[in-house]
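In this text the structure is predicted, and so the values were computed from the model without any measurement.
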Amino acid sequence: MRACQRQAVPYTPVWYMRQAGRSLPEYRAVREGVPMLTACTRPDMVVEITMQPVRRYSVDAAIFFSDIVVPLRAIGVDLDIKPGVGPVVAAPIRDAADVRRLRPIEPGDVPYITEAIGALVKELGATPLIGFAGGPFTLASYLIEGGPSKNHERTKAMMYGEPELWNSLMDRLTDITLEWLRIQVGAGASAIQLFDSWVGAVAPEDYRTYVLPHSRRVFEGLADLDVPRIHFGVGTGELLRLMGEAGADVVGVDWRVSLDEAARRVDPGKALQGNLDPAVLFAPWEVVERRARDVLARGRTAEGHVFNLGHGVLPNTDPDQLTRLTEFVHEHSAR
């Protein structure tokens with residue numbers, strides 16, 4: 001929390017995106033036979049899976065086990081998470097009538113969220129819990145494309161060709177995202193992260209026109225809650241300054257841009273998060289250590305630094321590498 005607020009810290013704190021799940025054998029054991037979206041609605045499973053990496057790695061923060069499409073499912077969108085594919089939407093959005101069907105989300109839609117976060121806060125004690133949501137652009141892309149997309153052609157066609165429809169959709173998704181995050185903070189989350197995973201597909205000027213106003217409204221809508229706000233996207237090196245302008249306290253950086261360069265691109269008054277390439281963890285330990293040392297050195301050029309990967313933990317990652325990496329970051333940065 002201090003690092004997010006650009007305050008002095010005894011060592012660089014560390015957590016990992018997608019640390020709760022995928023690569024952990026104990027996660028696979030708990031999830032066996034249980035669909036992803038079912039797991040996300042069972043408080044006992046949410047608590048157990050969120051806690052697993054905290055116990056194993058001794059990271060400095062937990063991140064709530066959920067998925068960015070959970071709030072969409074909660075308001076009645078017909079979607080599922082297909083193994084090996086990702087979120088798949090049965091009836092993609094095509095017109096204004098489809099947009100109007102996206103109703104606001106309310107706490108009563110997601111009682112399992114409040115229950116799980118309340119239990120987690122008690123179990124975590126002094127360890128912060130990070131809540132999260134998908135950015136409006138990324139949610140819009142899933143809803144328009146019907147699932148993951150390489151080129152986001154339908155999304156961009158609406159954005160460029162039907163700007164009124166686009167902004168109507170983004171307004172609704174912004175309202176849903178903001179309330180989803182406020183529910184998590186109200187239940188006890190100590191910080192939030194907005195994952196705009198697909199926004200790197202957008203050019204800077206298009207980001208400023210079609211995305212920035214909506215992301216900014218999310219962060220402004222959380223300002224009264226006094227919790228650190230983190231903003232992360234993939235392939236967003238050219239957007240870092242604009243993402244900072246959106247209003248987050250911490251800008252997440254993927255592995256494509258070094259942290260010292262990111263510090264030059266982001267306006268003053270922001271901490272940085274990142275950014276070891278997740279694939280480095282498959283290399284011998286001496287390579288991991290050398291790369292982590294470099295990330296820490298470059299991170300010292302930022303006003304605050306939270307060590308993380310440049311994207312999520314890959315499914316076949318050796319958990320022992322992450323345990324060793326966490327210990328190294330703590331010990332080396334303390335020196």
Side-chain angles (χ1 to χ4, degrees), residues 1 3-7 17 68 130-141 152 155-156 159-160 163 166-182 185 191-275 298-299 301-306 308 310-311:
M1 297 290 281
C4 288
Q5 294 160 350
R6 297 174 290 119
Q7 298 172 3
M17 288 182 280
I68 64 171
I130 302 169
F132 74 92
F137 177 88
T138 295
L139 295 179
S141 180
H152 308 277
T155 305
K156 291 184 176 183
M159 191 173 74
Y160 297 142
W166 171 259
N167 282 314
S168 175
L169 172 59
M170 290 288 278
D171 280 341
R172 293 210 176 208
L173 291 174
T174 297
D175 290 341
I176 291 165
T177 298
L178 177 54
E179 182 59 22
W180 171 245
L181 289 169
R182 291 187 69 89
V185 175
I192 65 93
Q193 176 159 304
L194 191 69
F195 283 90
D196 218 347
S197 308
W198 301 130
V199 80
V202 176
E205 282 310 304
D206 291 330
Y207 181 93
R208 183 179 291 282
T209 302
Y210 299 109
V211 181
L212 179 59
H214 306 284
S215 297
R216 178 180 281 140
R217 189 156 70 82
V218 172
F219 290 118
E220 287 176 348
L222 299 166
D224 64 306
L225 299 180
D226 195 30
V227 297
R229 299 159 297 174
I230 309 166
H231 198 8
F232 174 75
V234 183
T236 51
E238 298 302 318
L239 304 178
L240 288 174
R241 182 180 298 277
L242 291 166
M243 290 176 69
E245 288 179 20
D249 306 292
V250 184
V251 177
V253 185
D254 78 5
W255 70 92
R256 297 169 177 87
V257 177
S258 65
L259 289 180
D260 51 343
E261 176 59 27
R264 287 189 286 270
R265 296 184 186 187
V266 175
D267 286 336
K270 310 287 181 186
L272 297 182
Q273 178 179 279
N275 72 337
R298 294 174 188 272
T301 65
E303 296 179 40
H305 178 213
V306 176
N308 208 309
H311 197 198

Open item on the list: Show, in sequence, the C-alpha distance, side-chain angles and deciding distance for R256 and V234, and conclude whether the side chain to side chain contact (heavy atoms under 4.5 Å, CB included) test is met.
Closed with: CA-CA 9 Å; R256 297 169 177 87; V234 183; 3.6 Å; yes
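- Contact between V253 and A262 at its shortest, heavy atoms only, is CG2-CB, 3.8 Å.
- With D249 contributing its side chain and R229 its backbone, the two residues share a donor-acceptor pair below 3.5 Å.
- For H305, there are no ring pair (Phe, Tyr, Trp, His ring centres under 6.0 Å) partners at least two apart in sequence or on another chain.
- In this structure, the separation between CD1 on I230 and CD1 on I192 is 7.5 Å, given to the nearest 0.5 Å.
- Within the model, atoms NE2 of H311 and CZ of F195 stand 7.5 Å from one another, a figure rounded to the nearest 0.5 Å.
- Heavy atoms only, all atoms of each residue included: L239 and G200 are closest at CD1-CA, 4.3 Å.
- Judged by distance alone, with hydrogens and angles left aside, the side-chain atoms of D254 form a donor-acceptor pair with the main-chain N or O of G235 at under 3.5 Å.
- Atom CE of residue M1 and atom CD1 of residue I130 lie 9.5 Å apart, to the nearest 0.5 angstrom.
- Across all non-hydrogen atoms, the minimal contact from V306 to C4 is CG2-SG, 4.1 Å.
- The heavy-atom pair separating G274 from L259 by the smallest distance is O-CD1, 3.8 Å.
- The environment of D226 atom CG is sparse: at most 12 non-hydrogen atoms of other residues, nucleotides or ligands sit within 6.0 angstrom.
- The aromatic rings of H152 and W198 sit tilted, their planes meeting at an angle between 30° and 60°.
- When T138, T177, D196 are each tested for a side chain to side chain contact (heavy atoms under 4.5 Å, CB included) with I68, only one passes: T138.
- Summarising the geometry of W180 relative to A133, their closest heavy-atom pair is CD1-CB, 3.5 Å, with the distance given to 0.1 Å.
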TODO: I would like to know whether M159 and M170 meet side chain to side chain contact (heavy atoms under 4.5 Å, CB included); could you show each step before the answer?
DONE: CA-CA 10 Å; M159 191 173 74; M170 290 288 278; over 6 Å; no
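- When the shell of 6.0 Å around CD of E238 is examined, it contains 12 or fewer heavy atoms from other residues, nucleotides or ligands.
- For T209 (side chain) and E205 (main-chain N/O), a donor-acceptor pair under 3.5 Å exists by modelled atom type.
- Proximity of S215 to F137: side-chain heavy atoms (C-beta onward) are nowhere separated by under 4.5 Å.
- Formation of a donor-acceptor pair under 3.5 Å by the W166 side chain with backbone atoms of K156 is not found in this model.
- Note on R217 versus E220: no salt bridge recorded, every NZ/NE/NH1/NH2 to OD/OE distance being 4.0 Å or above.
- Between the T301 side chain and the R298 main chain, a donor and an acceptor come within less than 3.5 Å of each other.
- Between atom CZ of residue R241 and atom CG of residue D267 there is a gap of 4.5 Å, rounded to the nearest 0.5 Å.
- Panel note: side chain E303, backbone G269; a donor-acceptor pair is recorded below 3.5 Å.
- Of all non-hydrogen atoms in P213 and R208, the two that sit nearest each other are CD-O, 3.5 Å.
- At least one donor-acceptor pair closer than 3.5 Å links the side chain of R265 to the backbone N or O of G237.
- Checking side-chain atoms of K270 against main-chain N and O of G244 turns up a donor-acceptor pair under 3.5 Å.
- Note that OG1 of T174 is 13.0 Å distant from CD of E179, once rounded to the nearest 0.5 Å.
- Annotation: side chain of H214 is not in contact with side chain of L173 (no heavy-atom distance under 4.5 Å).
- Contact check for P136 versus V211: no side-chain heavy atoms found under the 4.5 Å cut-off.
- Expressed to the nearest 0.5 Å, how far OH of Y207 lies from OG1 of T236 amounts to 8.5 Å.
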